[in-house]
Structure formats: structure tokens, C-alpha cells
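Just so it is clear, the values below take in all heavy atoms, side chains as well, and ignore hydrogens, waters and symmetry mates. Each chain gets a letter, A, B and so on, in the order the sequences are listed, and its residues count up from 1.
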Amino acid sequence: MKAIVDCNSFYCSCERVFRPDLAHQPVIVLSNNDGCIISRSDEAKQLNVPMAGPYFKAKPLIEKYGVHTFSSNYNLYGDMSWRVMETLRMMMGKENVEVYSVDEAFIDMNHIPAESLHDVGKKIKETIELWTGIQVSVGIAPTKVLSKVANRLAKKNKKTTECVLILDTPEKINAALQKTKVDDVWGVGYKYAYKLHQWQIDTAYQLKNMDIEWARKNLGGIMGVRLIKELCSEIAIEMEDERINKKIIATTRMFGEPVNNIKYIKEAIATYTSRAAEKLRRQKSVAKTIGIFIVKKEESHTARFKHGPSISASIHLPIATSITNELIKPAVQLVDKIFEKDTFYKKAGVILSDIVNDDAVQGNLFVSETTNKNRLLMNMIDNVNFSMRDDVLKFASSGTKRNWKMRQELRSKRYTTRWDELYEVK
DNA sequence: TCTGGGGTCCTAGGACCC
DNA sequence: TCTGGGGTCCTAGGACCC
């Protein structure tokens, strides 16, 4: 059996840990740039504040009901996430925990006897809540896809399930699948849901009973096959070893306002490159390819929001590197290649790929003195910036004023990573 | 003039996730 | 007026090779 442990309204819960006065109040958290709503407390859901909807559109509703609103504070969420995952690892054994996202982890439960599954699920929930202040839901079932179904129902029926639900018999599984729309199945997105409804397949139960070969043809090949198998309690998506290293590393941002000055675009690209290089060094890797993209500001207003066209360019570096200045130079040159005069841009990004381990780089007998100096410099910068969880030290090419920087007007304090923002007990 | 079949590698793009 | 950011995997198609 497999469990998925999923934090309830994670970002909102993090904010509430340090604002106990908001315990039963409607709370929402906004994306970067205060663009859309990315986390809602139950109370906010009940007020029909839309998920992933643009903030400005929901603003009247938010103001009317006095919904407490926060800009995203990733320093805080990252740190809280680490606490939750550490708790799980301590309780269930490191080797049984697969961190799946900032607020979710799969757990291999094969070593737990069937009759204890429920107690263990409950214990997990209670311990995390006690140690971190974060509420979680636990879904347990034979496969990952089914455990997600269980988790969703646990969360939806908090009163009856107390946030822990086990699907361990065919009867329970079928009943759960009948209550679940295909749209809500893990692995069915917007496009497939639309297709499925056209074929009159509306519930997860109906999907489960579809033919495997049909799925191969119509639901993205091997992905569709796995999905059906998992719904039929056959393991097709295994537990994964903790992924240590990312295969690509990206840093991308919207600008606070559209930008048509190439100088600012270059500053932004330099800044994102520094951040991406930092992530690269943290996992002790180097990259052989660097790409950038910029997105034009777009005029048309279709029913469904779409970004404007994105223009990209990339180059293979002669030698894989993680040294910031060696990456910034080509990145900024790429801007010259794709920037069009008199055009407004609203977003830019840097993508590092072809990532390999630091020690896999071919040793060069003639590594120059400067390379070594650069490494030491990088180390020093990383240490300072990491301890502050912010870029206190940066390269001049990143600009100092940063007119293009994103808006973040409603951010809470970085309670857990800054001394001067510690929580005060009066 | 006629012009095969099988393989690999790479890239772009689509689908999905949170 | 204002719509996030960071990932994964898979597939199709082109280039190239013998």
C-alpha cells in the first residue's frame, strides 16, 4: 500500500502558524507579482474565491468579506515544508518517503500490517500537526493514483474522515471512483478531461473500465496505459528514489510592469542567471546549455487567458560551468540576439540544461588560477546569500535599482529565516 | 534512370503536476 | 490597468548514418 500525505491549503496554513488570530478566518495567498490566487483556506473556498483566478477580478469579493490576503513568502513556505518532510522521514524511515512537491509526499506503507494502516495514518497527521502546526490529509490505497483519490475524498469530507481515508477493498475503491469526476483524477488535465467528457466518460469509475489499448491510442500512449492500470489497483507508477539533482533549472519571472528597454531586460536576465547558477551549485552540478526567453506583452483578450508569444534562444557552452559570471556573459549576449526594438515585454526567464555532476567535468590540467579564485568567490557569495535566504550580494550586471522587479506588497515576515523578522512573543 | 530499410540522436512541443 | 513559477515525462519528426 501507498500513502500520500498532503498539507491542507499549505501556503495559507503556513501564514496562519504565525498568525493564530486568523485560525478560522478566510485567508488567501497570491502568486508572485500578486497576479493570481494560489492558496485558499476552507473559509475562503466557501466564499467562492476562485482558485488560480486573477487577483484583481476577485478583489471586490475579497474586500467585501474581509479576506486576509498575503503575497507569497517562499522563504517561509520552504522552511515549513522542510519541517513537515523531516517529521515524515523521522516517523516512517527516510527510505520510505518520496517528497513529491513542496506540500506532498508519497510513503511506501508495505512494511505496515494492514490492520495498523489507519492508526499509522492518524498518527502521522497528529504528529505533523503537533510539531509544525500544519494540518495534513492522508490517503492510503494500493497505487499512487488511488491514494490521490483517497486523499482528495479525505480532504473533502473532513468531518467524517478526520482527514484520513483508506481504500483497501474493491468495494471501497469502486465507490470512491464513482464519486470522483475524471477531471479530478491525477494525470487527467484540462485537455484530456474535455476529450473524455465528449466520449461520455465522466467518472473515474467509467475511466477505470476502459480498455488499455484504447487508452494507449487516445490518452497519450504509455501515460494513458499507466493511468488505467493504476485505477485498476495494478502498480504502474513506482515509488521513486529521492531525486537529488534536477535535470533542468529555470528561473523565470513576470516584470512588475512591461519593459521595452533592453538594459532592464539584460539586468533581469543577469539576475535570473545568478539565481539559477546558485541553484545549480547547491546541487553540486554544472550546466552545458543555457537558454533564455522573453515574452511579449499581449493585447488580445480571449476567453481563456494566454501568454503572448515567447521568443527563445540558447547556446551550448564550450565547458560546463556553474560559475555565475561565466553564465551571465552568454546569457546577456543572447538578449541581443532576440530583443526587438520598440517592443514591450512582460516576462523573461533563464533555463539551464544538460546538467551533470560537478565532478563529472573533465579535469583540465591547466585550470587557471582565476578559475579557482572564482570558485572560492562563488562559495563565499553562496554562504552569505543562503544564510539570509536572499541575495544580499549580487553582480553589478544585475542592476541596483531593478525597476523591473515584481510587486509584492502584502508579504508577511520571514519569521524563520531572518533574525530581524523573528516572531515576537509579548 | 531506377532509389530501401533500419537505426540513432536531437529538438521542439505537448501534456501533465503542484 | 492588473492572469505565477518551476518542474517531469513522452512523442513525433527531422537529420544523419550505413
Original post:
Just checking A:Lys148: base, sugar-phosphate only, or nothing, at a heavy-atom cut-off of under 4.0 Å?
Top reply: sugar-phosphate
Subject >> A:Glu126 and A:Lys123 ion-paired at < 4.0 Å >> reply: no
**OP:** Choose from B:dC17, C:dG4, C:dC9 the nucleotide whose nearest atom is closest to any side-chain atom of A:Trp186.
**Re:** B:dC17
**OP:** Please tell me which of the listed nucleotides, B:dC17, C:dG5, C:dT11, lies nearest to the side chain of A:Tyr100?
**Re:** B:dC17
Subject >> Residue among A:Leu231, A:Leu146, A:Asp168 satisfying side-chain contact (heavy atoms from CB on, under 4.5 Å) with A:Ile173 >> reply: A:Leu146
**OP:** Please work out if A:Lys279 contacts a base, only the sugar-phosphate, or nothing of the nucleic acid, heavy-atom cut-off 4.0 Å.
**Re:** sugar-phosphate
Subject >> Side chains of A:Tyr100 and A:Asp6 in contact at under 4.5 Å (non-hydrogen atoms) >> reply: no
**OP:** Side chain of A:Thr252 only, please: which of C:dG6, B:dC18, C:dC9 is the nearest?
**Re:** C:dG6
Subject >> Toward the 5' end of DNA chain C, by each residue's nearest nucleotide, A:Tyr11 or A:Ala250 >> reply: A:Tyr11
Original post:
Under 6.0 Å between ring centres, would you say that holds for A:Phe70 and A:Tyr11?
Top reply: no
Original post:
How far does the C1' atom of C:dC16 sit from the matching atom of B:dG4, given to the nearest Å?
Top reply: 16 Å
**OP:** Please determine, for the side chain of A:Ile222, which listed nucleotide (C:dC10, C:dG4, C:dC2) has the closest atom?
**Re:** C:dC10
Original post:
Taking CG from A:Leu30 and P from C:dC2, how many angstroms apart are they, rounded to a whole number?
Top reply: 17 Å
**OP:** Could you check which of C:dT8, C:dC9, C:dT3 has an atom nearest any side-chain atom of A:Lys57?
**Re:** C:dT3
Subject >> Residue A:Lys247, side-chain atoms from C-beta onward, closest of B:dT11, C:dC2, C:dC9 >> reply: C:dC9
Original post:
Is there a side-chain polar atom (N or O) of A:Lys297 under 4.0 Å from OP1 or OP2 of C:dC2?
Top reply: yes
Original post:
From C:dG5, C:dC10, B:dC18, pick the nucleotide closest to the side chain of A:Arg253?
Top reply: C:dG5
Subject >> Atom pair distance, as rounded to whole Å: CD1 in A:Ile237 and P in C:dC10 >> reply: 10 Å
Original post:
From B:dC17, C:dG6, C:dT3, pick the nucleotide closest to the side chain of A:Pro54?
Top reply: C:dT3
Original post:
Which whole-number value in Å describes the distance from A:Asn32 CG to C:dG7 P?
Top reply: 13 Å
Original post:
Would one find a side-chain N or O of A:Lys347 under 4.0 angstrom from OP1 or OP2 of C:dG5?
Top reply: yes
**OP:** Round to a whole Å and report the spacing from CD1 of A:Ile355 to P of C:dG7.
**Re:** 8 Å
Original post:
Quick one: A:Leu219 CG to B:dG14 P, roughly how many Å, whole number?
Top reply: 18 Å
Original post:
Please give, in whole Å, the distance from C:dT1 P to A:Tyr55 OH?
Top reply: 17 Å
Original post:
Looking for any heavy atom pair under 4.0 Å, which part of the strands does A:Val102 touch: base, sugar-phosphate only, or nothing?
Top reply: nothing
Subject >> Whole angstrom value for the distance that separates C1' of C:dT1 from NZ of A:Lys59 >> reply: 11 Å
Original post:
Roughly how many Å is it from CG in A:Asp183 to C1' in B:dA15, rounded to a whole number?
Top reply: 16 Å
Subject >> Minimum-distance nucleotide (side-chain atoms of A:Thr251 versus B:dC18, B:dC16, C:dG6) >> reply: C:dG6
Original post:
Step by step, would you call A:Asn174 with A:Lys208 a side-chain hydrogen bond (donor to acceptor under 3.5 Å, both in side chains)?
Top reply: CA-CA 9 Å; A:Asn174 286 339; A:Lys208 170 196 159 175; 2.8 Å; yes
Original post:
Hey, which of A:Ile237, A:Ile235, A:Val145 is the one that makes side-chain contact (heavy atoms from CB on, under 4.5 Å) with A:Lys2?
Top reply: A:Ile235
Original post:
Using Watson-Crick and G-U wobble pairs whose two distances are both under 3.5 Å, how do you write the pairing of DNA chain B as dot-bracket, with | for links to another strand?
Top reply: ....||||||||||||||
Subject >> side-chain N/O A:Lys191 vs B:dA15 OP1/OP2, d < 4.0 Å >> reply: yes
Subject >> Any side-chain heavy-atom pair of A:Ile134 and A:Phe10 under 4.5 Å >> reply: yes
Original post:
Does OP1 or OP2 of B:dT11 have a side-chain N or O of A:His316 closer than 4.0 Å?
Top reply: yes
Original post:
What do the steps show when you test A:Glu98 against A:Lys144 for salt bridge (charged side-chain N to carboxylate O under 4.0 Å, His left out), and what is the final call?
Top reply: CA-CA 11 Å; A:Glu98 176 197 332; A:Lys144 282 186 171 178; 2.9 Å; yes
Subject >> 5′-ward residue of the pair A:Lys346/A:Lys246 relative to DNA chain C >> reply: A:Lys346
Original post:
What is the minimum heavy-atom distance between A:Phe255 and A:Asn33, and which atoms define it?
Top reply: O-ND2, 3.2 Å
**OP:** Could you check whether A:Val225 gets within reach of a base, just the sugar-phosphate, or nothing at all, counting any heavy atom under 4.0 Å?
**Re:** nothing
Original post:
Taking the side chain of A:Ile248 as heavy atoms from C-beta outward, which of C:dG7, B:dC18, C:dC10 is closest to it?
Top reply: C:dG7
